Structures are given as C-alpha cells and as structure tokens.
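Below you'll find the structure, written out as structure tokens, and then a few comments.
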Number of protein chains: 2
Amino acid sequence: MQKNPGPNKTQAFLDICHQHQLKITPQREVIYRELLKSDTHPTADTIYQIVKGKYPNISYDTVNRTLLTFAEIGVVDVIEIFGGAKRFDPNIKNHHHLHCIQCGKIIDFQSRAYDNLKVPKGLRAKFRVISKRVVLRGICKACLA
Amino acid sequence: MQKNPGPNKTQAFLDICHQHQLKITPQREVIYRELLKSDTHPTADTIYQIVKGKYPNISYDTVNRTLLTFAEIGVVDVIEIFGGAKRFDPNIKNHHHLHCIQCGKIIDFQSRAYDNLKVPKGLRAKFRVISKRVVLRGICKACLA
DNA sequence: TTCCTAAATAATAATCAATCTTATTTGTCA
DNA sequence: TGACAAATAAGATTGATTATTATTTAGGAA
C-alpha cells in the first residue's frame, strides 16, 4: 500500500511548470515524484541520494537548484530547521510546526485557528502580512519516553 | 542618547554565569556588552567584527561559541533566519517576529494574545509545548515604499 | 521532422557558516 | 601564591549552498 501521488498532482505540477515557462526535464519530473512520495521533509541531499539510484549522472547541484525552483513557483515549501540543512515539503497547504528541541524533528500540523490568527492592530500600518506560521517548540512524544 | 545596558543587566548576567559555573572572561563580558547595545539581531560575525576592534586577538570561534553558550544558559535568544546565519537576540522576553521576505529583516514584536495562544487539543498528548512563536512573513514598510 | 536557441544540466570550484583540534593561556579556588 | 580545569586562539575541517563554465537538451519555429 504505497502512497500514490496520483495523476492529478502530477498533472497539476506539469501545468504549473508550463505556466512559468519551465521546461519539463526528466530530472525535474523524477525529483518532484520522489519528493511527493516522501513524508519526512527530506533535505536536498536525501532526494539526491534517492534520485541518484535511478539517474546516476545527476548532480547534487541540479537537485538542490530544482527544489529551490519548485519553491519559487510554489509547488513545494521550504522549511528552515535550526542548525540544519533546508528541508523540502511537498505539502503546500498552510501549516504550522512542532519543533522538538531534543531530536530536532519537525512535525507539521494543521490548525484552522492558527491560520486565521488576527494580526495585531498596531502592526497593520507597518507591515503587510503575507503568511502566518506558528512554531511550537518543545519535546515530542518519542523524546518524552 | 545611547542605549545603556545598565548595571542591573550586567550584574544579572554575571550572576547567571556564576550559577552555571562559567568563568567570567573579558571576552565574555565584551561580547555580552556589545550584544546588549545592538538592536539588529546581529550574527556571530557581526559581533566578531565589532569586538575585534577592541580585542584584535579575539577569534571568530570564541565569539560564536560564547554566543551559543549564552543561549544555553538563557541570557540570549537564537533566531534562525531563512537561508542565513544564526542571529542572536539579547531580548529574551517572549516575542514574535515579522520577517520581511524582501530585505530579510527581522523585526521583534510583543503580543500578549500570541503569547497566550491555545495549543490545539489534539496535540497536547503528543507534544509538550515549551514555547510558542508566531512568525508573520510579508513586506516591511521600507520595502513597501 | 529537423533545426535552432535559450534554458537546463553536470562537473567542479568557490564561498560561507559552523565546528573541531590542539597547544597555550587564564580564571578561580584551595 | 600555585595548581588545575576551563577557556581561548589559531588553523584545519566539515557540511551546505552557490557560482562558474562547458556541454546537453527541451520545445518552439521553419
């Protein structure tokens, strides 16, 4: 029972690439596909290691650049983790983070309430808010045990 | 009219060092003093450049290690900025961030409402929350102009 | 279909932040 | 004061990311 990206997501990806005048290359396709299959916020290097199994000639730079390009056109999200490499997340729905300060793990969660947080009145004149994210730092279940 | 750290803050700093059995070295004192004077969330390198003016022999490693030590004993806060070096913040009161995605600036703000955010019910069993931070990403006033 | 061109890639070098190693120096306490 | 553990300086090392450049290729035009 493997998670299946489904043709819909893949098609949407191709459409967005076209919208942005990005060429569809085998590298981009395989990178996107592998990222979709993942559920652990992989780093560029993790994706690189996986993809290299199928395309031994691919370079790390291509993987990293491609993932950043994906972030620019909005098909993936980039997560910055304290003290570590960037992580890429195919889940682009607005979400928030649990950050375990023991093991460093980042866990996504959804919260309608957090999505709808009110921006403090005093700020509205000084800053145009585009997105909101709540980061809860603490200890995850595994580390508590 | 320069911002003055004041003897109280300095004394509190010395006390906390003693509590943690940290030796009081000239390097630690000057690094702490310069960080207190700053209001721009400097990086380790920024502090290094400033301190080097007074102690030409100080090494980057010492500045960086010292700042991390300060973070461990809770006298400074560490901020992770998307795609950049760690930044250090002498303001350890709970606070939140505006992150301008244009110029990269981080602006602190206080919000009682955000401090008191409710943790979603479903999470409480899975995660022990220690601190909460809201990051509002958008465009700052200067960049809007 | 074939050709052309701009875009993308691979390979490598360079950069930047952060950490480690080791010899030396220095706070702190007895 | 003297001893010793802690801290520092200097330089090397690691790891992630970005830049450079020559080569290849996707995709539109003829």
Side-chain angles (χ1 to χ4, degrees), chain A residues 13-34 41-73 75-76 78-88 104 106, chain B residues 13-34 41-73 75-76 78-88 104 106:
Chain A
F13 164 69
L14 297 176
D15 289 348
I16 294 174
C17 283
H18 279 129
Q19 280 168 35
H20 291 264
Q21 283 98 42
L22 289 186
K23 292 180 178 170
I24 310 295
T25 65
Q27 291 91 337
R28 282 179 175 159
E29 289 190 277
V30 69
I31 289 167
Y32 184 70
R33 210 166 339 108
E34 291 303 330
H41 307 96
T43 63
D45 187 68
T46 304
I47 294 289
Y48 172 58
Q49 297 302 336
I50 294 170
V51 169
K52 203 167 56 168
K54 303 180 182 178
Y55 292 75
N57 281 346
I58 203 166
S59 70
Y60 171 80
D61 182 65
T62 295
V63 174
N64 189 55
R65 186 171 22 74
T66 299
L67 289 167
L68 292 173
T69 303
F70 287 172
E72 271 176 37
I73 64 173
V75 299
V76 308
V78 188
I79 304 170
E80 180 85 358
I81 298 196
F82 179 81
K86 279 177 195 154
R87 291 169 172 273
F88 296 89
I106 298 278
Chain B
F13 165 69
L14 297 177
D15 289 348
I16 294 174
C17 284
H18 279 130
Q19 280 167 34
H20 290 265
Q21 283 97 44
L22 290 186
K23 291 179 179 171
I24 311 294
T25 66
Q27 291 91 337
R28 283 179 175 159
E29 289 189 277
V30 70
I31 290 168
Y32 184 70
R33 209 162 344 104
E34 291 304 329
H41 307 94
T43 62
D45 187 66
T46 304
I47 294 289
Y48 171 59
Q49 298 301 335
I50 295 170
V51 170
K52 203 167 55 169
K54 303 181 181 179
Y55 291 75
N57 282 345
I58 203 166
S59 70
Y60 171 81
D61 183 64
T62 295
V63 174
N64 189 55
R65 186 170 21 75
T66 299
L67 288 168
L68 292 174
T69 303
F70 288 172
E72 271 176 37
I73 65 173
V75 299
V76 308
V78 187
I79 303 170
E80 43 187 310
I81 297 196
F82 180 82
K86 280 175 196 158
R87 289 167 174 274
F88 296 89
I106 298 278

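All figures in this text were calculated on a predicted structure; none of them were measured in a lab. Here is how names work: the chains are called A, B, and so on, in the same order as the sequence lines, proteins then strands, and each is numbered from 1.
Nearest heavy-atom pair, A:Leu67 versus A:Ala44, reported as atom, atom and distance to 0.1 Å: CD1-CA, 3.7 Å. Across A:Ile58 and A:Lys52, no two heavy atoms sit closer than the pair CG2-CA, 4.2 Å. Nearest heavy-atom pair, B:Thr43 versus B:Phe88, reported as atom, atom and distance to 0.1 Å: C-CD1, 4.4 Å. The minimum heavy-atom distance between B:His41 and B:Arg87, with the atom names listed, is O-NH1, 2.8 Å. The minimum heavy-atom distance linking B:Val30 with B:Val51 is given by the pair CG1-CG1, 3.8 Å.
Between B:Ala44 and B:Ile24, the residue whose closest nucleotide on DNA chain C is further toward the 5' end is B:Ala44. Between B:Lys23 and B:Asp45, it is B:Asp45 whose nearest contact on DNA chain C lies nearer the 5' terminus.
There is no side-chain donor-acceptor pair under 3.5 Å between A:Thr69 and A:Thr66.
Contacts between chain B and DNA chain C, taken as any atom within less than 4.0 angstrom of a protein heavy atom, begin and end at C:dA17 to C:dT28.
Phosphate contact (OP1/OP2 of D:dT8, side-chain N/O of B:Thr62, threshold under 4.0 Å): absent. Phosphate proximity of D:dA16 to A:Tyr60: absent, as no side-chain N or O sits under 4.0 Å from OP1 or OP2. Applying the 4.0 Å criterion to OP1 and OP2 of D:dA26, one finds that A:Thr25 has every side-chain N and O outside that range. One finds a side-chain N or O of B:Arg28 lying less than 4.0 angstrom from the OP1 or OP2 phosphate oxygen of D:dA7.
Look at NZ on B:Lys52: it is 18 Å from P on D:dT8, rounded to the nearest Å. Taking atom CD1 of A:Ile58 as the reference point, atom P of D:dT24 lies 17 Å away to the nearest angstrom. Look at OH on B:Tyr55: it is 11 Å from P on D:dA9, rounded to the nearest Å. The interatomic distance linking A:Arg65 (CZ) with D:dT18 (C1') rounds to 11 Å, in whole Å.
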Show the atom names and distances, to 0.1 Å, of all donor-acceptor pairs under 3.5 Å that link a side chain in residues 19-28 of chain A to residues at least two apart or in another chain.
from    : atom 1 : to      : atom 2 : distance (Å)
A:Thr25 : OG1    : A:Arg28 : N      : 3.1
A:Arg28 : NH1    : A:Lys23 : O      : 2.8

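Aromatic ring pairs are classed by plane angle as parallel below 30°, tilted from 30° to 60° and perpendicular above 60°; the pair A:Phe13 and A:Tyr32 is parallel.
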- Could you go step by step and tell me if B:Arg65 and B:Thr62 meet the side chain to side chain contact (heavy atoms under 4.5 Å, CB included) rule? CA-CA 5 Å; B:Arg65 186 170 21 75; B:Thr62 295; 3.2 Å; yes

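Summary for the helix from C:dT1-D:dA30 to C:dA30-D:dT1: the axes at its two ends, each from 5 pairs, differ by 30° when rounded to the nearest 10 degrees.
Residue-level contact check: A:Asp61 touches the bases, meaning some heavy atom is under 4.0 Å from a base atom. Across all strands, B:Pro56 comes closer than 4.0 Å to no nucleic acid atom at all (heavy-atom distances). In this structure, B:Asn64 reaches the bases: a heavy-atom distance under 4.0 Å links it to at least one base atom across the strands shown.
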